[in-house]
There are 2 protein chains.
Amino acid sequence: MSKTEGDDGSPRRLTLLTLAQDLGISRATVSNAYNRPDQLSPALRARILARAAELGFPGPDPMARGLRRGRVGAVGVLVDEGLSYAFTDPTAVLFLDGLARELEADGLGLLLHAARAAGDDLERIRDAAVDAWVVQSLPERHPAVAAAQSRGRPVVVLDQPRLPGAPLVGIDDEGGAASVVRHLTELGHRCLSVVTMPLQADGRSGPADLRRQRSATYQVMRRRLAGAAAAAEAAGLPWTEVPVLECTANDPDLAARAVADLLARPDRPTAVVALSDQLALGVLRAAATLGLAVPGELSVTGFDDSPAAAAARPSLTTVAQPLRDRGETVGALVRGLLRGEPVAGPAPAPVRLVVRDSTAAPPS
Amino acid sequence: MSKTEGDDGSPRRLTLLTLAQDLGISRATVSNAYNRPDQLSPALRARILARAAELGFPGPDPMARGLRRGRVGAVGVLVDEGLSYAFTDPTAVLFLDGLARELEADGLGLLLHAARAAGDDLERIRDAAVDAWVVQSLPERHPAVAAAQSRGRPVVVLDQPRLPGAPLVGIDDEGGAASVVRHLTELGHRCLSVVTMPLQADGRSGPADLRRQRSATYQVMRRRLAGAAAAAEAAGLPWTEVPVLECTANDPDLAARAVADLLARPDRPTAVVALSDQLALGVLRAAATLGLAVPGELSVTGFDDSPAAAAARPSLTTVAQPLRDRGETVGALVRGLLRGEPVAGPAPAPVRLVVRDSTAAPPS
DNA sequence: GTCTGGATCTGTACCGATTCAGAGCATAGT
DNA sequence: ACTATGCTCTGAATCGGTACAGATCCAGAC
């Protein structure tokens, strides 16, 4: 007769205590069988595990263990506005993949949370059972960030925002953008246009003036624009004459729509600098629709060097950043923080200009 | 003087009890302030909340609450072999998005776990602090599934495998595949070829004979193949003469590589049936590389109707399944199960053939 | 024969909350 | 004046484990 049922005959939940009583030993010993094999004789341990399997006891309860040990084995990831965006962007996907891979080493899972600004959401973030948070590309001053920090658990930031006490993993966005603009000006381009992801979370799109560029709460975009501006000015191109088009999301379709008019005009630019590969793919598509030859009549550049950049036709000149590596770096930082090691954010990872088939000298 | 520090002056962790003592009231009352506003006077509640904000108390600890209440507010998602695959497939992304959206209503987050077969992984799954599991397209008999079930928590399955006691959300895969093959035969095609995702998790690729098709542990693919076979036979095409090419992942590049040889041969098929849109995109790419006109010289079909299908050039004839809806359906089932409602899996969702520009009559 | 030490195992105090029965105390009803 | 009612608030049990300080026992040292 097994004791899987209570005295009243109803099926009872199995716990460490159940098992201990069944075997006539103490809970502590059963606990040790699972957590510290060296604390009891191999024979007894085997007997415990065998009986556990027999009764169908799945091991210590995760929440109780979590409460006592102070860790649940999960790392929260705060992604911007809706998970679908995070998933759709190959940049984010590779990051998450690298992160997951690294965290697996400590048995940590990923708890995804969308960071809407709504109050209800903040509560969910504050009350999420996680050991640490990873904040991924949120605009500055986003309330969800404060919610994530409220428990005092470790926080690691990807790209932005810079937070006191939280290591940040980022790249040299200015340098990357500058290098791509320099590449174009060196090819002889004098008439550029820029396509960018959202600068603020207000859903605005269309031309972004200097003021909006400077006040962008998405730091990554602000920096890339600044880098591009600096390089343009250095080449003698007044930045104010370079149109900057803002899209409401990092989506090829939106980019294609955004540049359609611009490219159809007779005084169209000879090169379009897209601040992400996704946007660049949209520009390529728009050019194809209009029958514009790339790079013959129009040069296009991207940013990120996502897998799609190399696969595009023509293949995309872009700025390579170590996408999956960043996930692993962040994961390693999280693990370090959870072990209590004081860790500092690494220096910004270097970026590298990758010249492919989408850029050439402007038509003469 | 605030009491945020212990008697020894060291910073002490804030708990409900801390706050209660600070205010000279009982813990129960503080707890009620957070969870049952109707159980105490509004005035006291306001005082408690105000003092909490003052001291920086972030609210009840998630794990302790989880232990006591028996729920943590997280739903585990078991995805096949590495998160990157799950993220890369737009089908899965839309599913996850719908799921997350639906679960948000109950404040539930998504805990992602890769389902490798390794023993270490199983332990992580068994010990994950989640209220329920969603199993997404895992092969039959995958050990991770048993691990997910071991705690006796609710499980909902997407597509496969069919599990006793776990509702399943799926579509009419046979019907969908049959309709697309019927569409092609009605256009006059007599020489088909099929490209499929993995049939088993053994990493094999290349031609899959009838035996391998029938013994596929990925039920979805087995069914689509069966549906296609039935439709082909019904149209008088012996299925054994239809080559079936297996790819090691649902990846356009792999599909392109897989069909490259086939399409270069003089006796190439007049139509390629890809069992997912991702694969179909690869076939389109291969055709473009070879200079084959689609649909003039080659018809191509997909399956899923992911956003990319409509955006492809030419746009893809495919089988539409309600991708995001499925996520919401699964989410609703999970919520129901967590509320203790007995729920049955819905009938397979209907699929619909969407004819676009990638199919036409074969060249004469 | 006593002492020391190591290997095993147990008792018990936590971890930080939620819950439920009931105590205390006004107010209202009769 | 006395009970009934309703609103607030409290005490203590409980959720299921883990960790630490012993207790017990036996082998080997002196």
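Just so you know, these numbers come straight off a predicted model, no measurement behind them.
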Determine whether the side chains of Asn35(B) and Arg65(B) contain a donor N or O and an acceptor N or O closer than 3.5 Å.
-> yes
In whole angstrom, what separates [X]'s [atom1] from [N]'s [atom2]?
X: Asn32(A); N: dA21(D); atom1: CG; atom2: C1'; answer: 13 Å
X: Arg27(B); N: dC15(C); atom1: CZ; atom2: P; answer: 10 Å
X: Ile25(A); N: dG11(C); atom1: CD1; atom2: P; answer: 11 Å
X: Leu19(A); N: dG17(D); atom1: CG; atom2: P; answer: 10 Å
X: Leu17(A); N: dT18(D); atom1: CG; atom2: P; answer: 13 Å
X: Leu16(A); N: dC15(D); atom1: CG; atom2: C1'; answer: 13 Å
X: Arg71(A); N: dA19(D); atom1: CZ; atom2: P; answer: 11 Å
X: Arg151(A); N: dG16(C); atom1: CZ; atom2: C1'; answer: 11 Å

Choose from [options] the nucleotide whose nearest atom is closest to any side-chain atom of [X].
X: Ala28(A); options: dA19(D), dT18(C), dT10(D); answer: dA19(D)
X: Arg36(A); options: dT10(D), dA19(D), dT12(C); answer: dA19(D)
X: Arg13(A); options: dA17(C), dG16(D), dG17(D); answer: dG16(D)
X: Arg68(A); options: dT18(D), dA17(C), dA12(D); answer: dT18(D)
X: Thr29(B); options: dT10(D), dG16(C), dA17(C); answer: dT10(D)
X: Ala64(B); options: dT10(C), dA17(C), dG16(D); answer: dA17(C)
X: Leu67(B); options: dA17(C), dT10(D), dG16(C); answer: dG16(C)
X: Asp61(A); options: dA17(C), dG16(D), dA19(D); answer: dG16(D)

Does a sphere of radius 6.0 Å around CZ in Arg339(B) hold more than 12 heavy atoms from other residues, nucleotides or ligands, not counting ones at 6.0 Å or beyond?
-> yes
Within the structure shown, what part of the strands sits under 4.0 Å from Phe57(A) by heavy-atom distance: base, sugar-phosphate, or nothing?
-> sugar-phosphate
For Thr15(B), answer base if it contacts any base atom (sugar-phosphate contacts may also be present), sugar-phosphate if it contacts only those atoms, and nothing otherwise; contact means non-hydrogen atoms under 4.0 Å.
-> sugar-phosphate
Would you call [X] and [Y] a side-chain contact if the rule is heavy atoms closer than 4.5 Å?
X: Val157(A); Y: Val169(A); answer: no
X: Met63(B); Y: Asp131(A); answer: yes
X: Pro139(B); Y: His142(B); answer: yes

Pair Arg151(A) + Asp61(B): basic N to acidic O under 4.0 Å | no
Would you indicate, yes or no, if dT18(D) has its OP1 or OP2 atom less than 4.0 angstrom from a side-chain nitrogen or oxygen of Ser31(A)?
-> yes
Just to confirm, is there a sub-4.0 Å distance from OP1 or OP2 of dT18(D) to any side-chain nitrogen or oxygen of Arg65(A)?
-> yes
Check against side-chain contact (heavy atoms from CB on, under 4.5 Å), His113(B) and Val79(B) = CA-CA 6 Å; His113(B) 261 282; Val79(B) 297; over 6 Å; no
Enumerate the protein-to-nucleotides 5-8 of chain D contacts in which both atoms are nitrogen or oxygen and the separation is below 3.5 Å.
none

Which heavy-atom pair separates Arg335(B) from Glu102(B) by the least distance, and what is that distance?
-> NH1-OE2, 2.9 Å
